[in-house]
Amino acid sequence: MTKIAPMGRCMRWAALVALFSLAEPAGAQSDYEPYQPVRSEFVYLTLRLGPHSLALTLPDNRSIQLPYDSIASTNGSATVGTEVRFSDDGITWGSEFFPWSMLSDIEVITSDSDATLALLTRDDIDSPTVQRRKGNRILRETPGAIPVGDFVRGNVIAITGPVTIDGEVNKNVVCLFGDIAIGDSAVVRGSVVSVTGTVTLASNSRVYGSAVAGDLRQPNLRERFRQSTGWVTWQPIVGYDRVDGARVGLAVDVADPDTVLPRLEIAGAYAFHSEQPRLRFRVEQTVIRRGGWLGIGGGYRRELHSDDDWLLPAWENTLFSILVAEDFKDWYEVDGWYAYAFWHGAGRLIPFHLRVSYRRDDLTWRPAGRNLWSLFGANKDFRANFSDLPDEQRDIVAQGIDSTELDEVTVDLTWDERLPGLLFLQAAWVASIRFDHAVGGTLDYTRWRLHVRRYQPISDRLAVIARGLVGSSDGDLPAFRQFTLGGLGSLPGYRFKEYRGNAFWLGGAEGRLQLTRFGLALGLRYDLGTVAAEGSTSFEGQEVRQSAAVSIYLGPTIRLTAGRRLDSTDDTDLRFLVRLSHRW
C-alpha cells in the first residue's frame, strides 16, 4: 500500500521546489521582470525553425516546409521556393496575403530540437486602442537599428539584416533572414531570434528571454549543466531511487552537427546502494534528412529499468525520492544489447514519429532499500519493489525476473501536434501506440497500449484536455509487464497501483482555468477506468472505477491535486498528490 504524504508536508516541499524553480540563475539581472505575454490573442501564423528548414503553418493546419537552401533574399524581402515571399509589408503565400498590421504579439517557444514563433492576432486588431497599445516596429531600412535612447513598446521585426539593437525593446527582436547584434546598452525583455543569421550578444547587454540563431539556442533550465565543445557534449549523471540509491556518473555525446558521421553516446555511473555499475553505449546514424529524419542505431546497456515511464519521467521520480521518500516506479535490472530504426517527421508539418526496436536482455531482480535517506521523509520507509503485490506473489515475481531472458520487438508510433506553451491558444491532437512482442527467450506474449489526447482551448484563459487509454495483451504476460491503475498518472482518488491486470482502459477530462498570466491555474478533472479480471483480458463484470479531483497549478510544472474515489466502496478519504510535471 502506498503511503500518501500529509497535505502539510506536500505543501511544504512543493513550495520549496517552486522557490528553487523560480530563482534566477547566478548573474542574471533582477531589476526588471521578464516579459510575459498576456494571452488574450489567438494564433495567426506559426513559423517553426528546424535544423534544416522553416515550417509555415496557418491556424487551419495548412503547412508548407521551406528549406533554408531555397531562400533568396534581397534588401528588405526574401523569397523561399516558388510560393512564399516575406516582405516588410507581410507574408505572401500563393494568392494569400498576411500583413504585419494584423500582428498583435509574438511568442517565442524553444525546445530541445527546434524553436517556434507563434504570431498572434486579435478579433479587435483594427480598433484604435489595440493599434496604439501593440507598438510593434517593422524595420524597413537595411541595415536596421534601434539606437541608444529609443524605446519600442512591442516587438521589433525585420526581414533581412543586419539589425543592431542599442536601445530598449519591451518584447522580442526577430530578424528572419539576417544577423542581429545586441549592443552593450541594449535591453530586450523578450527573446532574440534569427532564422538563418547569427545573434551576437555584447557582454553588458540584457536579454531576458532566449537567444536563437538557426540551430544554436540558449539552453533551457534542464540543460544548464550540459557543456559542449564542438562535437562533444558532456553531462553529469545524477539519479536517486530506492533500488540503486544514489547514482552518479558522466555521459559523453559525440555528434557531427551535420549528421554526416555517426553519433556516439557513452555513459557510465555507479549505484552506491545496489553496488552495481551502470553502463550505456549507443551508436546512431542518420540516413535520410529530407522531409524528416530516417536513421538506425544500436548499443549495449546495463542499467535499472522500469515500465512506469508513462506515469512520470525519471527526473521527477528522483526528486520525489530525495524529498519525501516516494519512489513511484517498480524496477528491475536489464543487461543486454539492442538495435533500432527511427523516423522523425519535420516538426508540426509532419508531427509523426516511428521507432522500431529489437532488444535482447537478461533480467535481474534487485530488492529495494527501505531505509534510505530522504530530505523531508523523516522516519518514513521507502515502499518495497512491486509493493502492490502480496509478499508471496512478490517472491514469485522476483524469481521469475531472475530467470528471464527477454527477446522483444517494440514498435512505437507517435503523432504530436502540440506547440509548447500554447495550451490556451492552439488546439492539438496527440496520439501514441506501443506494441511489444516477445519473440524468444523464456517469455511468450504480445502487449499493446493506445493513448489519445485532445487539447482544446475554449477561450484565452480556459482549455479542456481529454484523454483515453486502452491496452490489452495475449499470451503469458509477466507481472512486471502488466497494466496498473490507481494514484499517480491515472486515477488520483485511488491508492497507487491499486488495480493490476492483463488489460485495462482509462478515460478522463480536465477543465483548466488560467487565473493569472504567470501560470497560476485551477483544474477540475474526472477520470474513470477499469482493469480486466485476473488472468483475463475481458472487462465483463468489472466495476468501473471513478475519481474526481481538483488541482492547483503553480507555474508551468508544479501541480497540487486533491482527489476522491467515486465508486461503491466506503473509502471516501481525500488523497493528495504533488506533480512536478504533467504528462497530459
Side-chain angles (χ1 to χ4, degrees), residues 243 298-311 328-342 354-366 385-390 392-414 431-452 468-486 489-490 496-506 529-542:
V243 175
Y300 166 81
R301 62 178 182 165
R302 180 181 179 181
E303 57 190 7
L304 212 56
H305 180 78
S306 175
D307 291 312
D308 298 324
D309 291 340
W310 71 284
L311 295 175
F328 287 101
K329 295 190 176 186
D330 289 317
W331 303 95
Y332 53 92
E333 184 180 281
V334 296
D335 186 349
W337 60 272
Y338 59 95
Y340 61 92
F342 66 88
L354 169 66
R355 179 184 173 102
V356 180
S357 61
Y358 171 82
R359 64 190 186 100
R360 172 66 170 84
D361 284 323
D362 292 323
L363 308 188
T364 303
W365 168 270
R366 296 290 179 189
N385 208 14
F386 291 87
S387 62
D388 61 300
L389 297 173
E392 301 81 4
Q393 190 174 351
R394 189 161 56 248
D395 291 339
I396 296 173
V397 170
Q399 295 171 12
I401 289 177
D402 274 336
S403 61
T404 293
E405 296 178 353
L406 181 60
D407 291 80
E408 186 176 62
V409 173
T410 298
V411 179
D412 279 299
L413 298 93
T414 303
S432 63
I433 185 168
R434 180 185 176 105
F435 174 85
D436 300 307
H437 178 54
V439 296
T442 56
L443 298 177
D444 181 15
Y445 66 86
T446 299
R447 183 185 73 155
W448 61 271
R449 182 178 68 222
L450 173 66
H451 189 183
V452 178
L469 292 91
V470 61
S472 188
S473 61
D474 186 26
D476 186 16
L477 192 67
F480 64 87
R481 287 298 208 192
Q482 287 179 331
F483 304 106
T484 60
L485 282 184
S490 59
F496 182 61
K497 292 188 176 181
E498 188 169 343
Y499 303 102
R500 172 186 290 271
N502 292 355
F504 86 112
W505 64 264
L506 173 67
T530 191
V531 172
E534 184 177 355
S536 170
T537 57
S538 172
F539 302 113
E540 185 176 355
Q542 295 298 106

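Computed from a prediction, not measured in an experiment: that's the story for all the values here. Computation of the quantities below employed the complete heavy-atom set of this structure, encompassing side-chain atoms and omitting hydrogens, waters and symmetry-equivalent molecules.
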Asks: Any chance you could measure I396, atom CD1, to L389, atom CG, to the nearest 0.5 Å?
Replies: 10.0 Å
Asks: Report yes or no: do Y499 and D388 form a side-chain donor-acceptor pair below 3.5 Å?
Replies: no
Asks: With no hydrogens and no angle check, do the side chains of E408 and Y338 hold a donor and an acceptor under 3.5 Å apart?
Replies: no
Asks: Can you give me the closest heavy-atom contact between L477 and Q482, atom names plus distance?
Replies: CD2-CA, 3.9 Å
Asks: Does F483 have any side-chain contact (heavy atoms from CB on, under 4.5 Å) partners at least two apart in sequence or in another chain, and if so, which?
Replies: R447, R449, F504
Asks: Indicate the ring-plane relationship of F539 and W505, choosing parallel, tilted or perpendicular according to the 30° and 60° boundaries.
Replies: perpendicular
Asks: Between F480 and W331, does the ring-ring contact (aromatic ring centres under 6.0 Å, His included) criterion hold? Intermediate values first, please.
Replies: CA-CA 9 Å; F480 64 87; W331 303 95; over 10 Å; no
Asks: Using atom types as modelled and distance alone, determine if a side-chain donor or acceptor of T537 lies under 3.5 Å from a backbone N or O of A503.
Replies: no
Asks: Assess R394 against F386: is NZ or CZ under 6.0 Å from the centre of the six-membered ring, and within 45 degrees of the ring's axis?
Replies: no
Asks: Let me see the working for D330 and T484 under side chain to side chain contact (heavy atoms under 4.5 Å, CB included), right down to the final yes or no.
Replies: CA-CA 11 Å; D330 289 317; T484 60; over 6 Å; no
Asks: Has R500 got a side-chain atom pairing as donor or acceptor with A479's backbone, closer than 3.5 angstrom?
Replies: yes
Asks: Going from OH on Y358 to OG1 on T410, what distance comes out if it is rounded to the nearest 0.5 angstrom?
Replies: 11.0 Å
Asks: Show, in sequence, the C-alpha distance, side-chain angles and deciding distance for L311 and K329, and conclude whether the side chain to side chain contact (heavy atoms under 4.5 Å, CB included) test is met.
Replies: CA-CA 9 Å; L311 295 175; K329 295 190 176 186; over 6 Å; no
Asks: Taking atom NE2 of H451 and atom CG of L506, what is their separation to the nearest 0.5 Å?
Replies: 7.5 Å
Asks: Side chains of Y445 and D436: is there a donor and an acceptor less than 3.5 Å apart?
Replies: no
Asks: First locate atom OG1 of T364, then atom CG of D402, and finally report the distance between them rounded to the nearest 0.5 Å.
Replies: 6.0 Å
Asks: Salt bridge or not for E405 and R360, using N-O below 4.0 Å?
Replies: yes
